[in-house]
Amino acid sequence: MRSETTKAMVELKGVSVAFGEQYALRRVNLKVEAGEFVFLVGATGAGKSTLFKLLYGALRPTEGEVWVLGQPVHRLKPRELPYLRRRMGIIPQNYPLLSHKTVWENIAYGLRAIGYSEQAVRQRVAQMLALVGLNEQARQYPHQLSGGEAQRAAIARALANNPPLLIADEPTANLDPDTSWEIIELLLRINLRGTTVIVSTHNRTIVDRACQRVVAIDRGQIISDVPRGGYPIELERLYPSVAL
Amino acid sequence: MIDRFRFIVNETWASLRGNLAMQVAAISTACIALILLGSAAMALYKLDALAQSLPNAFEASVFLHTTVSRAQTLKLKAEIEAMPEVAQVVLVPREVAWEQEKQKYKDEVNLADLPNPLPDKLIVRVHQAETLPAVSARIAQSSLVDEVIDSQAELEMVLGAARLVRWVGLGTGGLLLLSALLLIYNAVRLTIHARQHEVQVMALVGATLRSIRLPFVLEGMVQGLLGGIIAALITVLSAGLLSEYMVSQWPLLKDMPPGLPPGVVLVGVPILGMVLGGLCASWATLRYVRI
């Protein structure tokens, strides 16, 4: 039966991912509308990264449908994936900056790879550096940056093509609380500009402070979906065992 | 378009620069393999040309005694023509042959004042190659005939040499070429591994598979091309020097048919290296560059 297209920014319909006998995700249903800011929370190994990989086509679901920006990712051919990814900003976990390139060159690299002219590259990189507050560090190499600055550079690189959707897998991992909140503030500002943002984390403090929609995942299943402003009281009442 | 081209060239250069030892190994092996293949091709071409220049298997040359008159020659010619196995007999008069020799060696020696030492020659062609030895033997019995030469022995020798060159040259060259291709494959595979972060970034920002793979394919093509250029230069120079040396030792070799033109080797071998290098690199990228 032919699936119907969706107008949601992201929609997962009955999605399961199995590696042999083991299920990383089981019958997941999720819908994210344009302009939303969504936290995906859960313990390590809960299935957050698997879900993210489904969104940008690095994994295929064992069953179910994955729709992103109106595209059926579950049945896109490899040659069609790049055109979807150009409309997404992707910050995977352990997504290092290129160590032999400066911040400026790191941001420019992605743009050049998708065919931007040199003039457009200069313009977009300058805009991104201003957006993430890294003008001063433009000529520095990754090893000269703090953890927060490196993460901001990664965000700038992901946003350089002006995508309507940004997904960030654990962007605050290994950052101190203040720097973590700086990164979340930056993502909230980006969301206010109209970009839909999905962030995975297990940092409870920042989820508490941000008061955005929170989707909790545990052992491959969505166990709660608390709308913006509803967290943390409702989630704790319903699922006190969820480890954040 | 220019920016895109510049990006691809920069990426290719970064790949080539990043793994210098492996590049040198791949290029030098490709070079040695292509030298062997190029030399074998040149030798085979020369032997083939030599085989073509020899009287064919249907033909024998009958040299008469220098004392034989033209009338006797014509009588013998008629007798041979009467043989049922014979298809044609052509007379090469001694004065015509002598004129040809004088022309051929005019740069080396002045033959103008010497008496003509050559005999009349009859070129005998038969209908079927297997009858040639018997016909030659019958003609040789005539008292007018000094010597009958059919080309069977020479032809066998040349074809034997060609077989040897083919098996040894192409076999060894082929094995080395296979090693070179595996080295190019391995060099590209290592480069892909060394540049996996760049590949990951390109894949995630939405670069097409083709544009991610192209710099690695170009890397393989450059390796093959460089190996091919060096091989072609060495092959052509060595062949030229060897040929000069052999002619200086045995002037009659000057009459040998010309070999493969150097231009063909200088263009063909690098192109062969480039194409094979590109194919190997494509194979490596198909296996190791995924999005």
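Residue numbering restarts at 1 for every chain, and letters A, B, ... go by the order of the sequence lines. Computed over heavy atoms, backbone and side chain alike; hydrogens, waters and symmetry mates excluded.
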Exercise for the section: Spell out the residues in residues 116-138 of chain A that have some non-hydrogen atom less than 4.5 Å away from a non-hydrogen atom of chain B, in order of number; otherwise answer 'none'. Expected result: Tyr116(A), Ser117(A), Glu118(A)

Exercise for the section: Answer yes or no: are there more than 12 heavy-atom neighbours, outside Arg60(A) itself, under 6.0 Å from its atom CZ? Expected result: yes

Practice task
Give me the contact list for residues 76-83 of chain A versus chain B, heavy atoms only, anything under 4.5 Å, ordered by residue number.
Solution key: Pro78(A), Leu81(A), Pro82(A), Tyr83(A)

Handout entry: Within 6.0 angstrom of Phe19(A) CZ, more than 12 heavy atoms from elsewhere
Key = yes

Handout entry: Test item: Arg87(A) side-chain N/O and Leu165(A) main-chain N/O as donor-acceptor pair under 3.5 Å
Key = no

Handout entry: Residues which pass ring pair (Phe, Tyr, Trp, His ring centres under 6.0 Å) with Phe216(B), listed by chain and number, not counting sequence neighbours
Key = none

Completion exercise
Those residues of residues 99-114 of chain A that come under 4.5 Å of chain B on a heavy-atom basis, listed by number, are His100(A), Tyr109(A), Gly110(A), Arg112(A), Ala113(A), Ile114(A)

Practice task
Give a yes or no on whether the backbone of Leu98(A) and the side-chain of His197(B) come within a donor-acceptor separation of less than 3.5 Å.
Solution key: no

Problem - Side-chain H-bond candidate by donor/acceptor type, Glu11(B) with Trp13(B), under 3.5 Å - result: no

Practice task
Answer with yes or no whether the side chains of Ser16(A) and Glu63(A) bring together a donor and an acceptor at under 3.5 Å.
Solution key: yes

Practice task
Say whether, by atom type as modelled, one donor and one acceptor occur between the side chain of Asn191(A) and the main chain of Gly35(A) under 3.5 angstrom.
Solution key: yes

Practice task
Using distance alone, with no hydrogens and no angle criterion, decide if Thr208(B) and Ser211(B) have a side-chain donor and acceptor under 3.5 Å apart.
Solution key: yes

